[in-house]
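All remarks here apply to the structure that follows.
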Amino acid sequence: ALLAIYPTGVRALNNLGDVYMELREYARAESLFHRSIEADSTVALLFNHLATDQFNGARYDEAERTLQARARKFPAQQDAEAIEASIEMMRGDFDGARNRSAQMLIDAGSDIGGRVEPLKMLGILSIIRGRLGEADQSYAALEELQVGAGSGGGYIEAAIARAFIDIRYRRQPARGLALLDSAVARFPLASLAPLDRNYAPLAYLDALGG
């Protein structure tokens, strides 16, 4: 309705594009993101959203071209680098994705928020490559980071990743379940915001662990 009145309203175009992307209507979302960039090409976030939509639709070449267009106009930024690393991962370039993620971690310095996504990416890449010890280190560092940030939900999310490694890959369910119990004892679910309680993955791992 808003776009019927203001066809070039950037916020309306972007937000409606986000809605369609969540609905997995990627072509429809892409059209809206293109329109938003045509209306105002000075907003870097619009390029990120377009590239994310193209990535989610498995259109990796288009996503890279969007990121290249972004790079010609704006400084480097972690969200864009994370999309690049994800593209490399999906193409099987695990070394490239790891190197990029490691550089993101270095660039983040002591910024807690900036260190979260690179650590998650490094943990995932280590699991893919079968380097479970390295994955443990990434998720343990993420746990420590979340404690420092006062995020009990983030801590439990990282503990879930560590427990999954023990239960699924090491075939050590008792160890993994003990890790989960310890995490929930440290940050009781009832003390967390409802959306931070991770009920579904906790239930899944309890079932997986017997």
Side-chain angles (χ1 to χ4, degrees), residues 1-91 97 100-101 104 107-108 111-121 124 142 145-146 149-158 160-161 189-204:
L2 184 61
L3 287 174
I5 303 171
Y6 303 106
T8 59
V10 171
R11 289 182 181 176
L13 289 165
N14 178 69
N15 292 352
L16 189 57
D18 281 342
V19 171
Y20 284 124
M21 181 162 59
E22 291 293 331
L23 293 171
R24 300 186 182 184
E25 295 186 30
Y26 300 125
R28 200 168 184 178
E30 182 172 0
S31 173
L32 288 160
F33 290 136
H34 276 299
R35 285 174 58 188
S36 69
I37 291 171
E38 289 168 5
D40 187 353
S41 62
T42 67
V43 181
L45 180 67
L46 302 178
F47 290 82
N48 292 358
H49 286 193
L50 174 58
T52 299
D53 180 74
Q54 291 165 330
F55 173 81
N56 288 341
R59 301 178 62 201
Y60 305 133
D61 290 343
E62 289 88 342
E64 282 201 321
R65 283 195 287 270
T66 297
L67 292 172
Q68 289 165 2
R70 183 204 180 284
R72 289 192 291 270
K73 295 175 66 67
F74 306 101
Q77 185 244 1
Q78 189 186 89
D79 286 351
E81 288 297 307
I83 300 169
E84 289 274 19
S86 298
I87 293 171
E88 290 168 337
M89 186 190 303
M90 293 304 293
R91 285 178 165 161
R100 189 181 298 273
S101 299
M104 288 163 56
D107 293 342
D111 176 34
I112 292 177
R115 295 177 67 82
V116 169
E117 291 305 319
L119 283 171
K120 287 182 180 179
M121 186 75 78
I124 291 169
L142 186 57
L145 196 69
Q146 299 289 22
S151 175
Y155 177 89
I156 289 177
E157 182 182 357
I160 286 169
L189 298 184
S191 71
L192 304 177
L195 294 181
D196 288 342
R197 294 178 188 175
N198 292 291
Y199 287 125
L202 285 168
Y204 170 72

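Keep in mind the model is a prediction, meaning the values are calculated, not measured.
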Can you tell me how far apart [atom1] ([X]) and [atom2] ([Y]) are? Round to the nearest 0.5 Å.
X: Q78; Y: D111; atom1: CD; atom2: CG; value: 8.0 Å
X: Q77; Y: D107; atom1: CD; atom2: CG; value: 12.0 Å
X: L32; Y: L16; atom1: CG; atom2: CG; value: 5.0 Å
X: I124; Y: L119; atom1: CD1; atom2: CG; value: 11.0 Å
X: H49; Y: L13; atom1: NE2; atom2: CG; value: 13.0 Å
X: D79; Y: N48; atom1: CG; atom2: CG; value: 5.5 Å

Distance-minimising heavy-atom pair for [X] and [Y]:
X: Q54; Y: E62; answer: OE1-O, 3.2 Å
X: A190; Y: R197; answer: O-NH2, 3.7 Å
X: G152; Y: L192; answer: CA-CD2, 3.9 Å
X: A69; Y: F47; answer: CB-CE2, 4.2 Å
X: A39; Y: V10; answer: CB-CG2, 3.8 Å
X: A51; Y: A63; answer: O-CB, 3.6 Å

Taking [X] for the side chain and [Y] for the main chain, is one N or O donor matched with an acceptor at less than 3.5 Å?
X: Q146; Y: Y155; result: no
X: R72; Y: L67; result: no
X: D61; Y: R59; result: no

Note, [X] side chain near [Y] side chain (heavy atom, < 4.5 Å):
X: Y204; Y: I160; value: no
X: E81; Y: P118; value: no
X: D18; Y: M21; value: yes
X: L202; Y: L189; value: yes
X: M89; Y: M121; value: yes
X: N14; Y: F33; value: yes
X: R91; Y: E64; value: yes
X: E22; Y: V19; value: no

Got a sec: does the CG of L23 have more than 12 other heavy atoms crowding it under 6.0 Å?
yes
Could you tell me whether R24 atom CZ has more than 12 heavy atoms of other residues or ligands within 6.0 Å of it?
no
Step by step, would you call E117 with K120 a salt bridge (Lys or Arg N to Asp or Glu O under 4.0 Å)?
CA-CA 5 Å; E117 291 305 319; K120 287 182 180 179; 3.6 Å; yes
Parallel under 30°, tilted from 30 to 60°, perpendicular over 60°: which one fits the rings of F55 and Y60?
tilted
